[in-house]
**Q** 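Below you'll find the structure I mean.
In what follows, every heavy atom counts, from backbone to side chain, and hydrogens, waters and symmetry copies are set aside. So that the names make sense, note that chain A is the first sequence line, chain B the second, and so on, each numbered from 1.
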Amino acid sequence: MTLASRPAAMSARRSRAAAFQFLPDAAKLHRLSALATLFLLILGFALASPAFFSVNNGLTILLQTSVIGLLGIGMTMVIITGGIDLSVGSVLALSGVASGMAIKAGVPVGPGMAFGVAVGAACGALNGLIVTRMRIPPFVATLGMMLMARGLALQLTGAAPISQLGEAFGRLGNGALFRIVEMRPNGFPKVIFPGIPYPAIVLLIVAIAAAYLLRRRQIGRHIYATGSNEEAARLSGVRTDRAKLYAYAMSGALAGLAGIVLMSRLVTAQPSEGVMYELDAIAAAVIGGASLSGGVGTVPGTMIGAFIIGILRNGLNMAGVSAFIQQIVIGAVVIAAVWIDHIRNRP
Amino acid sequence: MTRPLVELIDIEKHFGGIRAVDRVSLDLWPGEVVGVLGHNGAGKSCLMRILSGAMTPSAGEIRVNGSPASFSSPNDARAAGIETIYQTLALADHLDAAANLFLGRELKTRFGNLDDARMLAEARTVLARLNPNFKNLRDPVSSLSGGQRQVIAIARAIYFDTKILIMDEPTAALGPSETAMVADLIRQLRDEGIGIFLVSHDMHDVFELCDRVVVMNKGRLVGAHAIHEVSKDDVLSLIVKGELPADWSARNLMAEAAQ
Ligand SMILES: Nc1ncnc2c1ncn2[C@@H]1O[C@H](COP(=O)(O)OP(=O)(O)OP(=O)(O)O)[C@@H](O)[C@H]1O
Ligand SMILES: [Mg+2]
C-alpha cells in the first residue's frame, strides 16, 4: 500500500465501522422483533374486534400492563443476576393485604401504602438473604417464599377480602392526571379527556428510574457483572452478594408497589390476587430480551414484553376467548420466549 | 536493608483429603521477578489465589511489609497493592473492555454516575500500550479473541497502583509480538520496584525474565533458587521428580570453578 492510499483506506475502514453501528446487533434485533410482534398483535386484535381500539380499552390495557410492567422490571433485575423470582405474585398479595390492614387499623392512606411496599421489600430482601447466605438456589428459595407469602396473606385475612378502604385508597388505581370532567346540566358528569392514569405514570417513573440505575450507576453495572460471570465479578472486587440482595429486594419492593396499585384499582385488598403473575413477569422480561442464564436484559425491552403480554391477555378477552384457552396461549408464549432465549445463546 | 514486600509462611490449603498447598513458605522483594513453576495441578494457582485474597488458606500466615495481613476478599488484597492476573482471566463476558478494566473500581462523575466516557478513554490508552491494534473496545469481551481478553486482564492489573503483581500464565493465549510486549512490561514494572510472581510453563520466558525460580510439586515447595544457580534441566528435574539431579551443584559456581 502506498502512503497516499493509506488515509483513504483508513477512512473507508472508519466509515465501515460507522455503518456497523447502524446495523443492529443481536440484542437490538431481538428488541426490534419484539416491537414488530407488538404491532402485529395490536393490528390483529384491532381487526378482530372494533372495541379493542377504543380509548376506554386503551386505558384498561395501560392499567393491566402497569402491574405486569412493575413486576417485570423487578424480575428483569433478578434475571440479570442469573436468578429468578417466583414469589412476586404472592408478595403482591401480601403487600396489598398488609397495606389494607394498616389502613383499616387507622393508618393514613399514604403511609399505609408505603408500609405495603416496605413489606414487599422485606420479602424480597429475605429472598436475597436466603439465596446469598444460605446458598439455596433462587428457584427453590423464591418458590418457598411464594408459598409463605401467599399463606401469610390468606392466614391474616382468613381468606376474606378487606373492603371499604375508603375513596382515598382507590385514587392511585383509578385516578388520572389531567382528567377533564364536565358536569352536564342533567347532573351526570361527562369525561372530556380521560387523562393519564396514575398507574401508567407510576410505571413510567419506575421504568426510567430502573433504567437509570442499571445503566448509569455502579450497582447496575455490578448486577450485570454478577450475572455475566459471578466468579469473575467476585475476583474483580464486586460484592456479588450485595448485588443479588439488591436485585431481590427491588423485585420485592416493586411487587409490593404493583400490589398497592392493583388493590387500589379494586378498592379492596384481595389475599388471593396475583396468582401466577410471576409467569407474566418472567415472560415480559424474557420476551424483552432478558436471558435466564444471566448478564443480559434491559428495562425498555421488558416494557415491550409487558405490553405484549398485557395486549395479548386483553385482546383474547375482547375476542371472547375463554380464560382456559388464554392460559394455554400464555403458557405457549412463555415456552416460546424461553426457547428463543435458548437458541439465541447457542454459540 | 529493605523488607520483603510480602512473606508467605507455612501456607496450607486442603480440599477434603487433598493437600493442594502443603506448608509453603515464600517471599518476594521489591523489584524482583520470581518464577513459580510446577506440573499441572501442583498447586501454583491455589497459592497465588491465596495471596490475592480469592481463596482463604487452611493454615499459615501472610505478611505484607512485615505486618500480618488476612485477606477475606480480593478487595482486601487489592487494598494492600496486590494485583492479580488470574489464569481464568476473570472477565465478565457481557461487558465491554472498559467496563471490565474498571470492574469493581468504576470511575464516577461528580454525581456518582458511571463515567463511561472517561473509562473508555483511559482503557483506550492503557490497552494501546499493550496492543496497538486493539480497536473494538465497545464490544462485549465474549466476542474478543483469547489474546485480546488476556490483554484486558493484564491492563487491569497494571492500571492501578500496584506493588505486588501476580501473573498466572499471563501469556498463554498471546502471539509472539504480544508476548514480547508483556516481557518488556514485566522488566519495566520490575525496574519501577514492583515485585512480580510469574507463574509460567514456558522455561524460556522464565529464564529470560526471572531473578529467582521456585518450584512446586504436589503442593510442596521443592526448590527455590536464584536463576543463575540452576539450568533448565535442573528446573525440569525439580518439576518432574521434585528434586534436583543427584550430581547437582550450583551452575554459576561450576562455571567459576571451570575458569
Ligand atoms: N476449588 C477447588 N476444589 C477442590 N480442589 C481444588 C480446587 N482448586 C484446586 N483444586 C485442586 O488443587 C490442586 C492444585 O490446583 P492448582 O489449580 O493450584 O494447580 P496449578 O499448579 O495451578 O496447575 P496448572 O498448571 O494446571 O494451572 C489440584 O489437584 C486441584 O484439583
Ligand atoms: Mg494454575
**Q** State, to 0.1 Å, how close B:Ala92 and A:Ser228 come at their nearest heavy-atom pair, and which atoms those are.
**A** C-OG, 3.4 Å
**Q** Which atom names give the shortest non-hydrogen contact between A:Leu235 and B:Pro74, and what distance separates them?
**A** O-CB, 3.5 Å
**Q** What residues of residues 164-173 of chain B make heavy-atom contacts with chain A at a cutoff under 4.5 angstrom?
**A** none
**Q** Using non-hydrogen atoms and a 4.5 Å limit, figure out which bit of A:Glu231 sits close to chain B: side chain, backbone, both or neither.
**A** side chain
**Q** Around atom CZ of B:Arg105, are there more than 12 heavy atoms of other residues, nucleotides or ligands at under 6.0 Å?
**A** yes
**Q** Examine whether an atom of B:Lys135 lies under 4.5 Å from a heavy atom of chain A, and if so say whether it belongs to the side chain, the backbone or both; otherwise answer neither.
**A** neither
**Q** Between A:Glu230, A:Arg239, A:Arg234, which shows the greatest number of heavy-atom pairs under 4.5 Å with chain B?
**A** A:Arg234
**Q** Please check if atom CZ in A:Phe139 has more than 12 non-hydrogen atoms from other residues, nucleotides or ligands closer than 6.0 Å.
**A** no
**Q** Kindly compute the distance separating CZ (A:Arg216) from CG (B:Asp116), expressed to the nearest 0.5 Å.
**A** 5.5 Å
**Q** Please report the interatomic distance CG(A:Asn229) to NE2(B:His94), rounded to the nearest 0.5 Å.
**A** 9.5 Å
**Q** Could you verify whether a donor N or O on one side chain and an acceptor N or O on the other, from B:Arg156 and A:Ser236, lie under 3.5 Å apart?
**A** yes
**Q** Enter the distance from B:Leu114:CG to A:Arg217:CZ here, rounded to the nearest 0.5 Å.
**A** 7.5 Å
**Q** What option among A:Gly227, A:Ala233, A:Gly237, A:Gly294 has the most heavy-atom pairs under 4.5 Å with chain B?
**A** A:Gly237
**Q** For B:Leu91, which atoms come within 4.5 Å of any heavy atom of chain A: side chain, backbone, both, or neither?
**A** backbone
**Q** Which atom names give the shortest non-hydrogen contact between B:Leu103 and A:Ala225, and what distance separates them?
**A** CD1-CB, 3.7 Å
**Q** Rounded to the nearest 0.5 Å, what's the gap from CD on B:Glu106 to CZ on A:Arg221? Could you check?
**A** 6.5 Å
